[in-house]
Structure formats: C-alpha cells, structure tokens
Undergrad: 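This is the structure, below, for whatever I ask next.
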Amino acid sequence: MALALAGPVYAQSLSSLLDLARSTEPTYLGARSNVEAAKARTDQAFGALLPQLSMSGNTNSNRRDYRTRSTSIPPAGDAYNSNMTQLSLTQPLWHYANIVGWQQAEAVVVQAEHQLAGAEQELLSKLVTAWFDVLAAGDTIVFSAQQVSALQRVWEVARRGAELGQSGQPQVDEARSKLDQALADAVTAETDAQLKRAALEQLVGPLRELDLPYMRGVAELANLSTEKLEAWLDAAQAGNPNVLAALQAYEAAGAEVSKQRAGHYPTLDIVASYGKNSQAVGGFPGQAGYDIMQGVVGLQLNIPIFSGGTQSAKVSEALAQKEKARQDIEAARRATILAAKQAWFGWHAAYARAMAGVQAIKAARSAMALARKGRENGLKTEADVLQAEQQWRAAQRDFRKGRYDQVVSFVKLKAAAGVLTGGDVAALDALFVKLPDDTDPDNARPSFKVSRR
C-alpha cells in the first residue's frame with residue numbers, strides 16, 4: 001500500500017518512524033527540555049549554599065565651594081575626584097530554606113526524569129497505535145473497493161436480468177441501493193484513512209509517501225492467555241512513570257512546606273568586605289588628599305519577627321499543594337490501573353476476534369468453493385458467488401484487525417507497566433514483509449493510493 005502524503009519520503013519501518021518521532025514530536029522534546037531545566041534549577045539551589053562574592057566601585061567628579069561664617073576668612077573652592085572600590089563576601093552558615101530548596105530541586109529532577117520516561121512510553125505507544133490504525137484503514141479501503149466492484153457486478157447482473165425478464169425492478173433497485181451504500185462506505189473508509197494518516201503525522205511530522213508492509217499471517221505474537229492480570233497490575237503500579245513522577249512531586253511538595261516554614265527561622269552568615277576610598281583633596285580646601293583601606297569580617301544574624309502574616313500564608317499554601325500532590329498520586333495510580341486493565345482485556349478481546357477470524361476464513365473459503373461449484377452446475381448464481389467472496393474478504397479483514405489489536409494492546413500494557421522500550425517497537429518490524437507471502441490470509445491484496453483531498 002502506498003499513501004500519497006505531503007513531505008519527505010521515508011522508509012516504511014517502525015524503526016525509521018520511531019527515529020523521526022523522537023527527533024520531532026513536540027511533547028517528547030518538551031519533556032526532555034524540562035529535564036535540562038530541572039537540572040539547571042538544581043545548580044541554582046546548590047549555588048545558594050556557596051559563597052557569594054561581589055565587587056563594586058564608583059568614581060565621582062566633585063566641585064566644592066567653601067564659605068565660613070567669619071568675615072575674616074575669605075571664601076574658597078576646589079574641584080576634585082573621589083573613587084571607591086569594594087570586594088564583598090557572604091558565606092551562608094545557616095539558611096535552612098536554602099538547604100531544603102536544594103533537596104527539593106533534586107526531587108524535581110527525578111520527577112522530570114520520570115515525566116520524560118512517561119512521555120517516551122506514551123510516544124512509543126501512540127506510534128504503534130497510529131501505525132496499526134493506518135494499516136487497518138488501508139485494509140478497510142481495499143475491502144471497500146472490492147465490495148464496490150462486487151456490488152457493481154451484482155447490479156449489472158440484476159439490471160441485465162430485468163432486461164431479459166428474469167428478475168423484476170425491485171431486485172434492480174435493491175442492488176443499486178447496496179451499490180450506493182458501498183460507494184458511501186468507500187468514501188468513509190478513505191476519509192478515515194486520511195485521519196489515521198494525520199494522527200501518524202502528528203507524531204513523526206509531514207510525510208509525502210509511506211509504503212506500508214504486509215503483516216505475516218503466521219507471525220508469532222505475544223501471548224497473554226497464560227499470564228495473570230494481577231501481576232501486570234502490580235508491575236504497573238510499581239513501575240509506571242506517571243505514578244513515580246507523582247510520588248516525586250509529593251516529595252517536592254513536602255520540601256516546599258519545610259522551605260516555607262524555614263521562613264520563620266533565623267539565618268546566619270559570615271560577611272567580609274575589603275574596600276578602598278580615595279579622594280584627591282582633604283575635607284577642607286587646601287588639605288591633602290587621602291586613601292583609606294578598610295577590611296571587615298563579621299557574623300550577621302537575621303531573626304524574622306513579623307511579616308504581616310505573609311509567611312504563614314505561604315506555609316498554608318504549601319500544605320494545600322502537598323495535599324493536592326498526595327491526591328495526584330492516587331489519581332495517577334487509578335489511571336494506571338485503568339490503562340493496564342483496558343490493555344489487558346483489549347488483548348483478550350482481540351485474541352478472540354483473531355481466533356474467530358481464522359474459523360471465519362475457513363468457513364468462507366468452503367462457502368466460496370461451494371458457490372463456485374454450484375454456479376458451474378447451475379445451482380448458484382453469480383450473485384451468490386460474489387456474496388461468498390465478500391464474506392471471505394470480510395473474514396480476512398476481521399482476522400487482520402484482531403491481530404493488529406493484539407499487538408497494540410500488548411504494547412499499551414507494557415507502556416502502562418513502564419517497561420516498553422524502543423527495542424520493543426523496532427522488533428515489531430520482524431512481523432512485516434514488503435510483499436505478501438503464501439501464508440498471508442490476504443496474499444492477493446492489491447496496491448492502492450489514498451489521494452490528498
């Protein structure tokens with residue numbers, strides 16, 4: 001299958017699409033940037049614990065007029081420059097808020113890393129889902145085209161029969177009605193394929209052409225029929241990145257409470273400075289200038305007494321945020337359990353559909369063979385043969401859709417447990433071949449193009 005799309009041409013493997021998604025998908029790239037931002041905030045918090053060194057200086061041009069209150073001393077005046085430079089050092093000895101802030105920043109980094117892992121799990125899961133949705137949409141287009149072709153022939157047979165007097169106008173009208181419905185279904189299928197393609201492009205960027213492979217009819221898929229749901233639920237609650245991120249957010253919220261409470265605590269710093277003050281003349285006109293060098297070392301204690309209730313309000317806000325973070329943990333846990341259960345039961349439903357599809361294909365093949373034999377013996381009509389062929393094709397489509405859903409559900413289950421990797425997605429390429437083989441239930445599937453509307 002070839003989808004006529006817009007943009008560069010890329011290979012049809014999941015591996016190549018995964019590389020595109022990792023390099024272009026905005027949500028994933030944003031999560032990766034968030035990790036870098038969190039690490040930078042950690043450096044900032046650690047820097048608040050280290051010495052703070054600054055240097056200042058100024059130079060001034062002065063003009064001075066000097067008059068005494070004695071008439072015996074004449075007025076005087078002068079113009080001069082004055083300069084000052086100072087080097088200041090502050091070393092925090094006890095700033096509990098800074099210590100807690102550093103610990104909080106470390107928790108936020110871990111939280112961001114879990115969020116990045118969650119974004120990657122979601123990206124991989126969405127990519128696989130979009131990929132198989134496109135495959136299923138392609139199968140539906142082929143089936144719709146075949147259905148239109150078959151019903152076109154049925155309508156022509158009915159119309160010819162009416163012309164020969166072998167059938168009535170109601171049969172012709174019914175055949176035409178079914179043909180019109182099939183044409184509408186074909187348009188719907190093409191529209192759905194465009195939307196599925198758009199969902200894939202949202203992850204990997206614009207594509208001009210995408211050659212879709214065929215899934216092997218006998219490809220061995222993961223089997224969950226012998227596994228326990230409880231084991232997967234336990235794994236999901238213990239390893240899901242969103243749950244782990246929520247736990248770290250709770251730790252960070254607890255640190256925020258401690259940091260705001262520390263706003264009531266005293267702080268102690270070592271302060272030191274060394275400066276030079278120079279002036280071209282003395283304090284009175286005619287006096288000699290001077291240079292003053294001064295060094296200071298000491299301890300500076302700050303004791304908060306009253307801030308108008310602002311700090312207490314910040315503590316109350318932090319406590320409320322901590323409670324919200326605790327509720328977010330429960331929300332993330334429940335969402336994870338739901339996602340795991342949906343994937344688990346979705347796999348079992350898809351497995352049942354695939355198994356039913358195998359039997360339906362066998363039954364449809366037998367019915368098709370009987371219809372063809374009956375037509376040769378005059379016991380069946382061309383319409384009976386066409387109907388049997390469509391039942392066979394529908395069974396093939398349903399079988400493939402069941403297998404697609406098996407893969408997607410298993411991938412979603414691994415993503416819920418936080419164990420889905422790029423290697424798992426790349427390994428799915430082994431399920432596909434460029435051309436259908438003899439074991440493919442649909443080894444006569446034609447090529448087609450979906451035009452851009």
Undergrad: Would you call Arg22-Glu120 a salt bridge at under 4.0 Å N-O?
TA: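 Salt bridge present between Arg22 and Glu120.
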
Undergrad: Under the salt bridge (charged side-chain N to carboxylate O under 4.0 Å, His left out) criterion, do Arg372 and Glu389 qualify, and how do the steps go?
TA: CA-CA 10 Å; Arg372 288 173 176 173; Glu389 290 177 351; 3.1 Å; yes

Undergrad: Answer with yes or no whether the side chains of Ser16 and Ser13 bring together a donor and an acceptor at under 3.5 Å.
TA: yes

Undergrad: Using a 6.0 Å cut-off, check whether atom CH2 of Trp102 has over 12 heavy atoms from anything other than its own residue.
TA: no

Undergrad: Any salt bridge between Lys126 and Glu25, counting N to O under 4.0 Å?
TA: no

Undergrad: Quick one: closest heavy-atom pair of Gly239 and Leu244, and the distance?
TA: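 That closest heavy-atom pairing would be O-CD1, 3.9 Å.
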
Undergrad: For the atom pair CH2 (Trp392) and CZ (Arg397), what is the distance rounded to the nearest 0.5 Å?
TA: 13.5 Å

Undergrad: Roughly how far, to the nearest 0.5 Å, is CG of Asn240 from CZ of Arg333?
TA: 12.0 Å

Undergrad: Would you say Gln396 and Arg393 are linked by a side-chain donor-acceptor pair, where the criterion is simply a distance under 3.5 Å?
TA: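 No, because no side-chain N or O of Arg393 sits under 3.5 Å from a partner of the opposite role on Gln396.
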
Undergrad: For Glu330, run the side-chain hydrogen bond (donor to acceptor under 3.5 Å, both in side chains) check against Arg326, Gln327, Arg334 and tell me which one passes.
TA: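 The passing option is Arg334.
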
Undergrad: List the residues meeting side-chain contact (heavy atoms from CB on, under 4.5 Å) with Ala38, not counting sequence neighbours, and say none if there are none.
TA: Arg41, Val108, Val109, Ala112

Undergrad: Does one side chain, of His114 or Asn242, offer a donor that lies under 3.5 Å from an acceptor on the other?
TA: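 No, no side-chain donor-acceptor contact under 3.5 Å.
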
Undergrad: Donor-acceptor pair, distance only, cut-off 3.5 Å: does the side chain of Glu201 make one with the backbone of Leu207?
TA: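 A pair under 3.5 Å: yes.
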
Undergrad: Quick one: do Lys341 and Trp232 satisfy side chain to side chain contact (heavy atoms under 4.5 Å, CB included)? Show the steps, please.
TA: CA-CA 9 Å; Lys341 286 184 177 181; Trp232 279 99; over 6 Å; no

Undergrad: Heavy-atom count check: over 12 atoms from other residues, nucleotides or ligands less than 6.0 Å from Arg261 CZ?
TA: no

Undergrad: Classify the side-chain pair Lys412/Gln342 by whether it contains a donor and acceptor separated by less than 3.5 Å.
TA: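 The criterion, which ignores hydrogens and geometry beyond distance, is not satisfied for Gln342 and Lys412.
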
Undergrad: Given side chain to side chain contact (heavy atoms under 4.5 Å, CB included), test Lys314 with Leu319 step by step and report yes or no.
TA: CA-CA 9 Å; Lys314 290 181 178 180; Leu319 287 170; over 6 Å; no

Undergrad: For the residue pair Leu203 and Thr24, what are the closest heavy atoms and their distance?
TA: O-OG1, 3.7 Å

Undergrad: Rounded at 0.5 Å granularity, tell me how far CG in Leu431 sits from CE in Met215.
TA: 5.0 Å

Undergrad: Do Ser125 side-chain atoms and Gln121 backbone N/O form a donor-acceptor pair below 3.5 Å?
TA: no

Undergrad: Considering non-hydrogen atoms only, spot the tightest contact between Ala255 and Gln104 and give its length.
TA: CB-CB, 3.5 Å

Undergrad: Restricting to non-hydrogen atoms, name the atom on Thr336 and the atom on Gln237 that form the minimum distance, rounded to 0.1 Å.
TA: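 In this case the closest contact between Thr336 and Gln237 is CG2-N, 4.4 Å.
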
Undergrad: Between Asp429 and Leu14, is there a donor-acceptor pair closer than 3.5 Å when you use the side chain of the first and the backbone of the second?
TA: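 Yes: the side chain of Asp429 pairs with the backbone of Leu14.
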
Undergrad: Given the ring of Trp155, does Arg159 sit roughly above its face, with NZ or CZ under 6.0 Å from the centre of the six-membered ring and within 45° of the axis?
TA: yes

Undergrad: Could you work out, with ring-ring contact (aromatic ring centres under 6.0 Å, His included) as the rule, every residue matching Phe410, not counting sequence neighbours?
TA: none

Undergrad: Kindly say whether Asp173 contributes a backbone atom to a donor-acceptor pair with the side chain of Ser177 at under 3.5 angstrom?
TA: no

Undergrad: Any donor-acceptor pair under 3.5 Å linking the side chain of Gln321 with the backbone of Ala253?
TA: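 No; zero donor-acceptor contacts below 3.5 Å.
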
Undergrad: Considering all heavy atoms of both residues, which atom of Ala193 and which atom of Ile141 are nearest to each other, and what is their separation?
TA: CB-CD1, 3.5 Å

Undergrad: Please confirm whether the backbone N or O of Gly57 pairs with a side-chain atom of Gln86, one donor and one acceptor, at under 3.5 Å?
TA: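 Not a single qualifying donor-acceptor pair exists.
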
Undergrad: Using the rule given for salt bridge (charged side-chain N to carboxylate O under 4.0 Å, His left out), can you reason through Asp43 versus Lys39, listing the C-alpha separation, both sets of side-chain angles and the distance that settles it, and then say yes or no?
TA: CA-CA 6 Å; Asp43 294 337; Lys39 291 179 178 178; over 6 Å; no

Undergrad: Taking the side chain as everything from C-beta on, heavy atoms only, tell me whether Leu124 gets closer than 4.5 Å to Val411.
TA: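 A side-chain contact is absent here, since even the closest heavy-atom pair is not under 4.5 Å.
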
Undergrad: Give the intermediate values and the outcome of side chain to side chain contact (heavy atoms under 4.5 Å, CB included) for residues Val407 and Leu428.
TA: CA-CA 9 Å; Val407 176; Leu428 294 178; 3.8 Å; yes

Undergrad: For the pair Trp131 and Phe432, name the ring-plane relationship: parallel under 30°, tilted 30 to 60°, perpendicular over 60°.
TA: perpendicular

Undergrad: Distance only, no hydrogens: is a donor on one side chain within 3.5 Å (strictly under) of an acceptor on the other, for Thr188 and Asp185?
TA: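 Side-chain D/A pair, Thr188 to Asp185: absent.
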
Undergrad: Say whether, by atom type as modelled, one donor and one acceptor occur between the side chain of Thr42 and the main chain of Ala105 under 3.5 angstrom.
TA: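 Answer holds: yes.
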
Undergrad: Taking the six-membered ring for Trp and the single ring otherwise, decide whether the centroids of Tyr96 and Trp94 are under 6.0 Å apart.
TA: yes

Undergrad: Pair Lys178, Glu174 - check salt bridge (charged side-chain N to carboxylate O under 4.0 Å, His left out), show working.
TA: CA-CA 6 Å; Lys178 291 181 178 179; Glu174 181 182 4; 3.6 Å; yes

Undergrad: Quick one: CG on Leu151 to CG on Leu183, what's the gap to the nearest 0.5 Å?
TA: 8.5 Å

Undergrad: Output yes when a side-chain donor or acceptor of Ser33 lies under 3.5 Å from a complementary backbone atom of Leu29, and no otherwise.
TA: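 Yes, because the side chain of Ser33 sits within donor-acceptor range (under 3.5 Å) of the backbone of Leu29.
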
Undergrad: Quick check on side-chain contact (heavy atoms from CB on, under 4.5 Å): which of Ile270, Val271, Leu53 does Thr90 satisfy it with?
TA: Val271

Undergrad: Aromatic rings Tyr351 and Trp347: how do their planes relate, parallel, tilted or perpendicular, breaks at 30° and 60°?
TA: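 It falls in the parallel class, under 30°.
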
Undergrad: Distance-only, no hydrogens or angles: does the Gln115 side chain make a donor-acceptor pair with backbone N or O of Val110 under 3.5 Å?
TA: no

Undergrad: Can you tell me if Gln202 has over 12 outside heavy atoms packed within less than 6.0 Å of its CD?
TA: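 Atom CD in Gln202 is not packed in, count stays at 12 or less.
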
Undergrad: Do any side-chain atoms of residues 301-313 form donor-acceptor pairs under 3.5 angstrom with protein atoms, and if so which ones, sequence neighbours left out?
TA:
unit_1 : atom_1 : unit_2 : atom_2 : d
Ser307 : OG     : Gln311 : N      : 3.4
Thr310 : OG1    : Ser307 : O      : 3.1
Gln311 : NE2    : Gln260 : O      : 2.7
Gln311 : NE2    : Gln260 : OE1    : 3.1

Undergrad: Between Tyr28 and Leu116, is any pair of side-chain heavy atoms under 4.5 Å apart?
TA: yes

Undergrad: Within this structure, what is the CG-CG distance for the pair Leu49 and Leu93, rounded to the nearest 0.5 Å?
TA: 11.5 Å

Undergrad: Check the side chains of Asp139 and Tyr404 for a donor-acceptor pair under 3.5 angstrom, ignoring hydrogens and angles.
TA: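 Note: Tyr404 and Asp139 side chains meet the donor-acceptor criterion.
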
Undergrad: Measuring from Glu156:CD to Leu179:CG, what's the distance to the nearest 0.5 Å?
TA: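 Atom-to-atom, Glu156:CD and Leu179:CG are 9.0 Å apart.
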
Undergrad: Taking Thr421's backbone N and O only, do any of them form a donor-acceptor pair with Asp424's side chain (distance below 3.5 Å, no angle check)?
TA: yes

Undergrad: State, to 0.1 Å, how close Lys259 and Val100 come at their nearest heavy-atom pair, and which atoms those are.
TA: N-CG1, 3.8 Å

Undergrad: Let me see the working for Asp405 and Arg353 under salt bridge (charged side-chain N to carboxylate O under 4.0 Å, His left out), right down to the final yes or no.
TA: CA-CA 9 Å; Asp405 291 344; Arg353 290 197 303 272; 2.5 Å; yes

